Protein chains: 2
Amino acid sequence: MFRQGDTTKGIFFLASGGICLTRVTESGNSVTIYNAQTGDMFAEASIYSDHYHCDAICTAPSEVVRISKQAIQKQLREDTAFSEGITKRLAVQVQDYRQLLTLHALKSANDRVLLAVELGKLTGSVTQFANQIGLTKEACYRALRDLSDQGLLTKTGRGRYAPTPRSEDRLP
Amino acid sequence: MFRQGDTTKGIFFLASGGICLTRVTESGNSVTIYNAQTGDMFAEASIYSDHYHCDAICTAPSEVVRISKQAIQKQLREDTAFSEGITKRLAVQVQDYRQLLTLHALKSANDRVLLAVELGKLTGSVTQFANQIGLTKEACYRALRDLSDQGLLTKTGRGRYAPTPRSEDRLP
DNA sequence: GGTAACATGTGATTTCAATCATATTCGGAT
DNA sequence: ATCCGAATATGATTGAAATCACATGTTACC
């Protein structure tokens, strides 16, 4: 998509595929900054700088929408609702990332899986879920079984688990 | 400054000192979200939520300016430059968090420490550094020693390490 | 000067997730 | 209808980081 040092041409929305953002550090090593997945937006900060500070490389055939820098800047100045929407969206993203970081900070697989399920992260396949929370699928299945055995989770079907309702939550 | 769950009273500017933003997880662990240094602003995302979702604790005697939520909301509507500044700050934060997540996704202690040092995360104490990147200080010290032995890092002093410059960077 | 608190650093042991292996089930394509 | 690939699920082994333990160095304070 673009290279480190290129003049910024806008922000990007990844409709499908995969984009890897990498950056060459001062010591000359190339390091991964972010792996964008389907539905992600990236290079938001490029609105405010003249050149990209990382490479964006396709890791799979991808469909990408580019929104031009000029269009964004014009809209940000002229449309208050748009500006407010962008700001709020960024603020929410910050909170989401903090939540994800909190999750990743838990070392125990059981703790991590339990919290992740309680946060509603287990929607698709367990394989995806495992990848998202930084565990192998095997460790994930085992944690899910352990937590079900302990009564903290309830198995609602093949590959489906839900938090066991706490007694306080029950209504007459 | 404030505790997780307190009703939001505004955003903060750290004129001097140090503030550590931590979040207590359900299992009772305290994890570092952000280490604010002199000149940093923090709790920007609180503009759009009713309560703080982390603790802000002084790590040093600090001078802090609080800007009230009402004033912020008024200014966001009326001052374009101000609004732009806030948006930019949030965009940069999103990138920082993505970077931190990428860092936490590395399982090997050596890989993680090397990347973190290259990204310039080792500024203060190794203990703080270790906490920030999700390792114990012991694992951190060992990784730093390994990487120094391998020639990937250079020990510049007690508790001080820097990436070994790559040969390509040298100029005649 | 003395000492208390904390950072640096390393060695020994344990624990737990990664890895390897394998069986079963489900869904989509032929 | 059946063949194949992917997801689910679990057992055995291994390896690396956490934990425990301890020594030294540094800073701040009385």
Side-chain angles (χ1 to χ4, degrees), chain A residues 16 18 37-38 60 101-117 121-150 152-162, chain B residues 16-18 20 22 25 27-32 35 37 57-62 101 103-117 121-150 152-162:
Chain A
S16 73
Q37 304 297 321
T38 296
L101 269 173
T102 305
L103 197 61
H104 276 72
L106 296 174
K107 336 122 262 97
S108 151
N110 282 20
D111 291 352
R112 202 133 109 203
V113 167
L114 179 59
L115 182 55
V117 171
K121 302 273 179 202
L122 178 49
T123 50
S125 74
V126 177
T127 307
Q128 275 192 309
F129 173 72
N131 185 47
Q132 192 182 13
I133 68 173
L135 290 173
T136 58
K137 53 180 167 40
E138 292 96 331
C140 228
Y141 285 124
R142 272 185 260 275
L144 288 166
R145 179 159 54 93
D146 281 3
L147 293 165
S148 299
D149 289 351
Q150 289 171 38
L152 295 167
L153 292 183
T154 308
K155 185 165 184 167
T156 57
R158 187 181 158 84
R160 318 255 42 177
Y161 301 81
Chain B
S16 75
C20 189
T22 61
T25 65
S27 56
N29 294 45
S30 176
V31 298
T32 300
N35 270 306
Q37 305 297 322
I57 307 293
C58 294
T59 53
S62 305
L101 272 172
L103 198 61
H104 276 72
L106 296 174
K107 333 123 266 102
S108 151
N110 282 18
D111 291 353
R112 204 134 108 204
V113 167
L114 179 58
L115 180 55
V117 172
K121 302 274 180 202
L122 178 48
T123 49
S125 75
V126 177
T127 307
Q128 289 259 81
F129 173 73
N131 185 44
Q132 194 178 16
I133 69 173
L135 290 173
T136 58
K137 55 179 164 45
E138 292 95 331
C140 228
Y141 285 124
R142 273 185 259 273
L144 288 166
R145 179 159 54 91
D146 281 4
L147 293 165
S148 298
D149 288 351
Q150 290 171 37
L152 296 168
L153 291 183
T154 307
K155 186 164 184 167
T156 57
R158 186 180 158 85
R160 318 255 41 178
Y161 300 82

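Proteins get letters first, then strands, A, B, ... in listed order; numbering begins at 1 in each. None of the values given here were measured: they were computed from a predicted structure.
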Shorter than 3.5 Å, N or O on both sides, protein versus nucleotides 16-24 of chain C: list them out with atom names.
| unit_1 | atom_1 | unit_2 | atom_2 | d |
| --- | --- | --- | --- | --- |
| C/dA17 | OP1 | A/Ala109 | N | 2.8 |
| C/dA18 | OP2 | A/Thr136 | N | 3.4 |
| C/dA18 | OP2 | A/Thr136 | OG1 | 2.9 |
| C/dT19 | O4 | A/Arg142 | NH2 | 2.8 |
| C/dC20 | N4 | A/Glu138 | OE2 | 3.3 |

Shortest non-hydrogen contact from A/His104 toward A/Arg112
O-NH1, 3.6 Å
Taking atom C1' of C/dC6 as reference, at what distance in whole Å does atom CZ of B/Phe129 sit?
19 Å
Rounded to whole angstrom units, what separation is found between the CG atom of A/Asp146 and the P atom of C/dT15?
16 Å
Along DNA chain D, first and last positions that approach a heavy atom of chain A under 4.0 Å
D/dA7 to D/dA12
Nearest 0.5 Å, please: how far is OG1 in A/Thr154 from CG in A/Leu147?
10.5 Å
Assign A/Tyr161 to base, sugar-phosphate, or nothing according to its heavy-atom contacts below 4.0 angstrom with the strands shown.
sugar-phosphate
For C/dT10, does either OP1 or OP2 sit under 4.0 Å from a side-chain N or O belonging to B/Tyr141?
no
B/Thr127 vs C/dT8: side-chain N/O to OP1/OP2 distance below 4.0 Å:
yes
Let me have the donor-acceptor pairs involving side chains of residues 126-146 of chain A, under 3.5 Å, with sequence neighbours excluded, atom names and distances please.
| unit_1 | atom_1 | unit_2 | atom_2 | d |
| --- | --- | --- | --- | --- |
| A/Thr136 | OG1 | A/Ala139 | N | 3.3 |

Close side-chain approach of B/Val113 and B/Val117, heavy atoms under 4.5 Å:
yes
Can you list everything that forms a side-chain contact (heavy atoms from CB on, under 4.5 Å) with B/Thr156? Sequence neighbours excluded, please.
B/Arg160, B/Ala162
Just to be sure I follow the notation: if a pair is Watson-Crick (purine N1 to pyrimidine N3 plus N6-O4 or O6-N4) or a G-U wobble (N1-O2 and O6-N3), each under 3.5 Å, what dot-bracket string does DNA chain D give, with | for pairs to another strand?
||||||||||||||||||||||||||||||
Just jot down the side-chain hydrogen bond (donor to acceptor under 3.5 Å, both in side chains) partners of A/Ser108, sequence neighbours excluded, or say none.
none
